[in-house]
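Side chains included, hydrogens not; waters and symmetry mates left out as well; all remaining heavy atoms used. So that the names make sense, note that chain A is the first sequence line, chain B the second, and so on, each numbered from 1.
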Number of protein chains: 2
Amino acid sequence: MKQIRFSKQRKAIYEALKNSDSHPTAELLYQQLKEEYPELSLGTVYRNLHFFVNENQAVRIDVGDQVEHYDAVVMPHYHLYCQSCNALIDVHEEDYNYDLEKRVAKKTGYDIDSHSTIFYGLCHKCKN
Amino acid sequence: MKQIRFSKQRKAIYEALKNSDSHPTAELLYQQLKEEYPELSLGTVYRNLHFFVNENQAVRIDVGDQVEHYDAVVMPHYHLYCQSCNALIDVHEEDYNYDLEKRVAKKTGYDIDSHSTIFYGLCHKCKN
DNA sequence: TTCGTTGCAAACATTTTGCAGTTTC
DNA sequence: GAAACTGCAAAATGTTTGCAACGAA
């Protein structure tokens, strides 16, 4: 049984992630945290983000822009990816459809754990 | 107005993609085509896949395994990504929900072009 | 004191790109 | 013949990793 330690880097990375609603990448968190922890390394950010995902303290979101986005909100929800400004935005207004998973599992015979749905389009700013 | 030319490489890549139902990556198509076209280059495969996506002759599917998958079936449909064997499989049994897009567009005020939903779980082989 | 965690830098994997030569129309 | 396309190889990008030093419990 592996012991878990809470380094100040780990705490800081988690706080920064939790306080962000922009679904930041490792690089973004790194840039942001470097001001307060100049000795911080990008590898540490990656390692901790993976650690959080493993511990169910974060989820990874892949929208197809070649970078991993992370979210400390682990409750399943949908996202909009703005094709103009590349923002990744929560969609609170539509409930995550667990029923769809059950229905597809039944119809297909696959075991289904979860699903990810991402909307592509334009955010409020960019639609004008 | 840019003229389009149909090189034998372009035709071969498109045929290979169309005849595959495994949602191949550029690398996979490259390996497969190299037998018949030993001089083929990976860059050409990438360039053509991007070309097809631009021309709406293919779509890119991102499942979070760090590689781009492509599909010559451009009609929107869902996919299952098997977390055990990493296969990417079509889900024909559930209709693509255009209504969801409309509903979310209305509720959120975003312009929505499309959405991607990927189910994560286990395929028939791997669930046993 | 132990061993989990870090910083650093090198390695790795995937995708993109510049350029000279080739092919399509 | 013009310009789109290719092959090649180098560059760019994003992520992972080995290792010695550090630090949390």
Side-chain angles (χ1 to χ4, degrees), chain A residues 1-17 20 22-71 81 86 88, chain B residues 1-17 22-55 57-71 81 86 88:
Chain A
M1 188 57 187
K2 196 180 178 184
Q3 187 182 166
I4 287 170
R5 291 183 183 164
F6 294 89
S7 66
K8 66 178 186 332
Q9 292 91 332
R10 175 163 296 167
K11 287 177 198 157
I13 294 165
Y14 184 70
E15 280 308 304
L17 180 61
S20 166
S22 70
H23 310 88
T25 63
E27 179 66 34
L28 199 98
L29 289 168
Y30 172 65
Q31 292 303 336
Q32 192 177 310
L33 288 162
K34 247 198 338 195
E35 292 172 27
E36 196 177 351
Y37 301 88
E39 74 300 337
L40 181 67
S41 122
L42 184 55
T44 296
V45 178
Y46 275 106
R47 278 189 283 229
N48 276 288
L49 290 171
H50 295 164
F51 170 86
F52 299 143
V53 170
N54 257 310
E55 299 284 312
N56 284 306
Q57 294 181 67
V59 290
R60 192 172 120 185
I61 307 159
D62 295 287
V63 296
D65 63 352
Q66 313 287 63
V67 285
E68 305 172 345
H69 295 260
Y70 290 88
D71 193 343
Y81 184 71
N86 305 321
L88 185 56
Chain B
M1 186 59 186
K2 198 182 178 185
Q3 187 181 166
I4 287 170
R5 290 180 185 168
F6 293 90
S7 65
K8 66 179 190 326
Q9 292 92 331
R10 175 163 293 168
K11 287 177 199 158
I13 294 165
Y14 184 69
E15 279 308 304
L17 181 60
S22 70
H23 311 88
T25 62
E27 179 66 34
L28 200 98
L29 289 168
Y30 172 64
Q31 292 303 337
Q32 192 176 310
L33 288 163
K34 246 197 339 194
E35 293 172 26
E36 197 178 349
Y37 301 88
E39 73 299 338
L40 181 67
S41 122
L42 184 55
T44 296
V45 177
Y46 275 105
R47 277 188 283 227
N48 275 288
L49 291 170
H50 295 165
F51 169 86
F52 298 142
V53 170
N54 258 309
E55 299 284 311
Q57 295 182 66
V59 291
R60 192 170 122 187
I61 307 157
D62 294 287
V63 296
D65 63 351
Q66 313 285 62
V67 284
E68 304 172 345
H69 295 262
Y70 289 88
D71 194 343
Y81 184 71
N86 305 321
L88 185 55

Q: Could you check how far OH of B:Y37 sits from C1' of D:dT6, rounded to whole Å?
A: 14 Å
Quick one: which protein N/O atoms are closer than 3.5 Å to N/O atoms of nucleotides 21-25 of chain C? Pair and distance per line, please.
| residue | atom | partner | partner atom | Å |
| --- | --- | --- | --- | --- |
| C:dT24 | O2 | B:R5 | NE | 3.3 |
| C:dT24 | O2 | B:R5 | NH1 | 2.7 |

Q.
Contact between B:K34 and B:Y30 at the side-chain level, heavy atoms closer than 4.5 Å - yes or no?
A. yes
Q: Give a yes/no answer on whether the side chain of A:H50 brings an N or O atom under 4.0 Å of OP1 or OP2 in D:dT16.
A: yes
Q: Answer whether the closest heavy-atom distance between the side chains of A:R10 and A:I4 falls below 4.5 Å.
A: yes
Q) From the list D:dT6, C:dT16, C:dG7, which nucleotide is the closest neighbour of the side chain of B:E68? A) C:dT16
**Q.** 5'-most by nearest nucleotide on DNA chain C - B:D65 or A:R47
**A.** A:R47
Q) B:D71 and B:I61: which non-hydrogen atoms are nearest, and at how many Å? A) CB-CD1, 3.7 Å
Q.
I need the minimum non-hydrogen distance between A:S22 and A:L28, along with the two atoms involved.
A. OG-CD2, 4.3 Å
**Q.** Rounded distance in Å - CG (A:L42) to P (D:dT17)
**A.** 14 Å
**Q.** Nearest-Å distance for atom pair CZ/C1', residues B:R10 and D:dC5
**A.** 7 Å
Q. Using a cut-off of 4.0 Å on non-hydrogen atoms, how would the nucleic acid contact of B:Q66 be classed: base, sugar-phosphate, or nothing?
A. sugar-phosphate
Q. Which heavy atom in B:L40 sits nearest to a heavy atom in B:L33, and how many Å separate them?
A. CD2-CB, 3.6 Å
Q: For B:L28 and C:dT14, give me the distance from atom CG to atom P, rounded to whole Å.
A: 12 Å
**Q.** Rounded interatomic separation in angstrom, taking CG from B:N48 and P from D:dA4
**A.** 15 Å
Q: Could you state the atom-to-atom distance from OH of B:Y30 to P of C:dT14 in whole Å?
A: 14 Å
**Q.** Flag if over 12 foreign heavy atoms under 6.0 Å of CD, A:E35
**A.** no
Q) Between B:G43 and B:K2, who's closer to the 5' end of DNA chain D by nearest nucleotide? A) B:K2
Q. Could you state the CD-P distance from A:Q31 to D:dG14, rounded to the nearest angstrom?
A. 12 Å
Q. Within the structure, does a side-chain N or O atom of B:Y46 lie under 4.0 Å from either OP1 or OP2 of C:dT16?
A. no
Q) Using a cut-off of 4.0 Å on non-hydrogen atoms, how would the nucleic acid contact of A:E27 be classed: base, sugar-phosphate, or nothing? A) nothing
Q) Whole-Å distance between C:dT16 C1' and B:L49 CG? A) 13 Å
Q: Measure up the A:Y70 and A:H50 rings against each other and bin them: parallel (under 30°), tilted (30 to 60°), perpendicular (over 60°).
A: tilted
